[in-house]
Number of protein chains: 2
Amino acid sequence: MARPSDVHAKIDLLRAAEQAFVEHGLEKARVEDITAKAGRSKGSFYLHFQSKEDAFRQIVEGFLARLAAMVEYPVDLDADFETIITSWHEKDLELFEFFWQNRAVAQLLLHGGSSAQFRYMVDEFAERARTNCRMLVELGQARGYYRQDLDLDVTSLAIAGAYDRVVRELVAQPKKPDLSRWLETVQDLLLRGLAANPERARRRPRS
Amino acid sequence: MARPSDVHAKIDLLRAAEQAFVEHGLEKARVEDITAKAGRSKGSFYLHFQSKEDAFRQIVEGFLARLAAMVEYPVDLDADFETIITSWHEKDLELFEFFWQNRAVAQLLLHGGSSAQFRYMVDEFAERARTNCRMLVELGQARGYYRQDLDLDVTSLAIAGAYDRVVRELVAQPKKPDLSRWLETVQDLLLRGLAANPERARRRPRS
DNA sequence: AACCATATTGACCCGTCAGTCAACAATGGC
DNA sequence: GCCATTGTTGACTGACGGGTCAATATGGTT
């Protein structure tokens with residue numbers, strides 16, 4: 001065993017790659033820019049990644065995997081509805097925090113800096129988020145909290161879209177905004193739109 | 001004056017380019033694919049466009065110009081609020097029709113097939129649409145139809161996002177859905193969320 | 001210090017296209 | 001039919017950048 005490899009290399013490269021991809025998109029980002037930024041050689045890049053696309057995939061997959069883990073929290077179907085709503089709010093706040101922390105990659109994905117060959121990953125995630133949202137609405141309906149005349153497909157789309165757009169704006173902010181207030185505004189708007197009984201929809205002030 | 005130029009050339013090329021860009025994105029679409037699809041030569045392409053990017057710009061600008069014209073219709077501030085809402089619905093329906101008719105280009109833009117250098121055009125449009133939406137909400141507030149406690153910034157974001165996502169889904173549909181019903185569902189959800197007086201928010205059945 | 005195994009490097013190779021232009025084709029006027 | 005003019009073509013060029021690999025550096029081991 002002679003000469004151990006530099007353990008920081010891959011991390012440095014991933015960081016630099018992320019920055020380059022955010023700045024120029026997958027196609028226009030040059031491997032040499034990435035290696036220069038990481039203070040490494042071009043060859044070093046190919047010790048850690050099969051190709052430029054491979055590095056991109058690793059970044060995206062890492063981000064989406066952590067994201068998916070946050071979104072697909074188990075819903076306790078037996079819980080009191082109010083508890084579900086509260087838990088929903090908490091999880092959303094975590095999600096917003098996560099997006100803020102990872103706003104560079106988030107912008108990359110949300111703005112389609114990825115080429116067509118990676119779009120399916122983002123689309124798939126968007127679809128899952130929307131399905132998740134649809135389930136929650138359906139549950140609310142079944143419990144009688146939400147209106148019975150809602151079209152689940154279009155309604156869940158609109159809700160997912162509202163969040164989507166707010167997150168897009170969030171990740172583009174120069175300073176961290178009041179995530180909790182943003183979230184409350186959105187949830188309040190949507191809850192009132194969903195509720196069967198308008199009075200119940202008014203948000204209780206959070207403790 | 002000898003030999004008039006083929007008047008169909010540019011139109012053929014634009015159509016083929018649109019198709020190629022939708023299919024592969026700006027970077028990956030090859031000029032030779034475009035010309036082959038249009039049944040023209042590569043040289044012919046450069047008689048009509050400065051560069052590949054120029055062709056792309058012409059397609060996008062054409063689409064956005066027509067779109068902007070539809071969105072920025074004058075709001076009659078003196079009109080009865082109910083009239084404004086009705087007019088809003090009609091205009092949205094037109095907009096949805098437009099998106100459906102032009103779903104190929106719409107998908108191209110919404111999914112970021114455009115490289116970073118063109119994103120500002122889409123972003124600018126999204127921003128204008130959102131501002132427009134904000135103004136309508138503000139008007140509703142001033143008239144007392146909407147809640148006073150709304151955060152205009154976040155609320156307008158959420159509303160714009162809801163439409164945005166629904167349009168994204170619309171342009172991805174294989175068959176034309178019932179645009180009017182989709183629109184009603186969205187408007188209904190949002191109006192109930194916005195309204196100061198829940199009773200007033202219920203949509204009157206359209207004539 | 002000498003040696004070895006492995007890590008690292010960056011000059012080079014080579015495929016891919018955007019864009020050019022010299023040759024050719026078509027048209028209208030005479 | 002012939003010529004002048006303008007339209008059209010597609011083989012070619014040159015730039016670019018992803019990926020390779022022979023040469024070199026490094027650090028541990030004896």
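Worth knowing before you read on, the calculation uses all heavy atoms, side chains too, and leaves out hydrogens, waters and symmetry mates. So that the names make sense, note that chain A is the first sequence line, chain B the second, and so on, each numbered from 1.
In terms of position on DNA chain D, the residue among B:Ser41 and A:Ser51 whose nearest nucleotide sits closer to the 5' end is B:Ser41.
Shown here are the side chain to side chain donor-acceptor pair (under 3.5 Å) partners of A:Ser156, two or more places apart in sequence or in another chain: A:Arg130. Legend: residues meeting side chain to side chain contact (heavy atoms under 4.5 Å, CB included) with A:Glu90, ordered by chain and number and at least two apart, are A:Thr86. Taking the ring pair (Phe, Tyr, Trp, His ring centres under 6.0 Å) definition, one finds that A:Tyr46 meets it with nothing, sequence neighbours left out. A:Arg128 is linked by a side chain to side chain donor-acceptor pair (under 3.5 Å) to A:Glu72, counting only residues two or more places apart in sequence or in another chain. When the side chain to side chain donor-acceptor pair (under 3.5 Å) test is applied to B:Asn132, no partner is found at least two apart in sequence or on another chain. With sequence neighbours left out, the side chain to side chain contact (heavy atoms under 4.5 Å, CB included) criterion links B:Leu47 to no other residue. Under the side chain to side chain donor-acceptor pair (under 3.5 Å) criterion, A:Lys52 pairs with no residue, sequence neighbours left out.
The backbone N or O of B:Leu152 lies less than 3.5 Å from no partner atom in the side chain of B:Thr155, so there is not a single donor-acceptor pair.
Contact check of residues 29-40 of chain A against DNA chain D (heavy atom, cut-off under 4.0 Å) returns A:Ala29, A:Arg30, A:Val31.
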Restricting both atoms to N or O, compile the protein contacts to nucleotides 23-25 of chain D shorter than 3.5 Å, with distance only.
from, atom 1, to, atom 2, distance (Å)
D:dA25, N3, A:Arg3, NH1, 3.2

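When the P atom of D:dT26 is taken as reference, atom CG of A:Leu47 falls 16 Å away, rounded to whole Å. The distance between atom NZ of B:Lys42 and atom P of C:dA18, rounded to the nearest whole Å, is 6 Å. Regarding A:Leu13, its CG atom lies at a distance of 15 Å from the P atom of C:dA7, rounded to whole Å. In this entry the distance linking CD of B:Glu53 with C1' of C:dG19 reads 11 Å, nearest Å.
A close approach under 4.0 Å does occur between a side-chain nitrogen or oxygen of A:Lys52 and OP1 or OP2 of D:dG18.
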